[in-house]
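Worksheet: one structure, shown below.
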Amino acid sequence: MENQAEKRARTLVEQWLLAHPDRIQNRRRKPEDLLNWKLAAIRSVRNGNPYDVEDTLRWLATQAEGAAMED
């Protein structure tokens, strides 16, 4: 069972993905890559500063997009 912090982080990540459909396209094409990105994002949001959620997710997306360019 998820605790409240985990549930809140998961909701914030899902909302961010819906609000930014143009981000992490490379991860969205592969379900397991998207799941790995979401898990990392949820962990970062849960453990990070609650006021920096937008910046955290933007940074993670930029890192994922940059890594895709190397593939």
Side-chain angles (χ1 to χ4, degrees):
M1 185 165 172
E2 282 184 322
N3 65 28
Q4 288 296 357
E6 182 83 15
K7 192 176 210 177
R8 180 180 174 278
R10 185 176 304 281
T11 299
L12 289 169
V13 168
E14 292 294 341
Q15 288 173 344
W16 190 89
L17 286 169
L18 288 172
H20 299 88
D22 58 323
R23 300 301 304 262
I24 67 165
Q25 288 301 317
N26 56 313
R27 298 293 193 256
R28 292 177 192 246
R29 286 190 281 266
K30 297 178 183 174
E32 74 179 34
D33 288 350
L34 179 59
L35 177 61
N36 288 336
W37 187 89
K38 283 181 182 180
L39 292 173
I42 289 166
R43 192 170 39 251
S44 293
V45 168
R46 186 185 65 226
N47 296 330
N49 184 334
Y51 299 105
D52 291 339
V53 170
E54 179 69 27
D55 291 337
T56 299
L57 293 174
R58 191 177 321 116
W59 182 84
L60 285 169
T62 300
Q63 296 301 308
E65 292 162 347
M69 295 179 88
E70 296 173 6
D71 291 343

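These figures come from a predicted structure and were not determined experimentally.
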For a side chain to side chain contact (heavy atoms under 4.5 Å, CB included) check, start with the C-alpha distance between T62 and R23, then their side-chain angles and the critical distance, and finish with the verdict. CA-CA 8 Å; T62 300; R23 300 301 304 262; 2.9 Å; yes
Start with the C-alpha gap between L57 and L17, add the side-chain angles, then the distance that decides, and say whether side chain to side chain contact (heavy atoms under 4.5 Å, CB included) holds. CA-CA 9 Å; L57 293 174; L17 286 169; over 6 Å; no
Is it true that E6 and R10 have a side-chain N and a carboxylate O under 4.0 angstrom from each other? yes
Side chain to side chain contact (heavy atoms under 4.5 Å, CB included) between D33 and N26, intermediate numbers included: CA-CA 8 Å; D33 288 350; N26 56 313; over 6 Å; no
For the atom pair [atom1] ([X]) and [atom2] ([Y]), what is the distance rounded to the nearest 0.5 Å?
X: Q63; Y: I24; atom1: CD; atom2: CD1; answer: 13.0 Å
X: L60; Y: R43; atom1: CG; atom2: CZ; answer: 9.5 Å
X: K7; Y: L12; atom1: NZ; atom2: CG; answer: 13.0 Å
X: R27; Y: K38; atom1: CZ; atom2: NZ; answer: 13.5 Å

Please say yes or no: joined through hydrophobic side-chain contacts below 4.5 Å, possibly via intermediate residues, are L39 and V45 part of one cluster? no
L35 with W37, same ILVMFWY side-chain cluster at under 4.5 Å: no
Would you check if T56 and N49 make a side-chain contact, meaning some heavy-atom pair closer than 4.5 Å?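 No, too far: nothing below the 4.5 Å cut-off.
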Could you give me the CA-CA distance, side-chain angles and deciding distance for D55 and V53, then say whether side chain to side chain contact (heavy atoms under 4.5 Å, CB included) is met? CA-CA 6 Å; D55 291 337; V53 170; over 6 Å; no
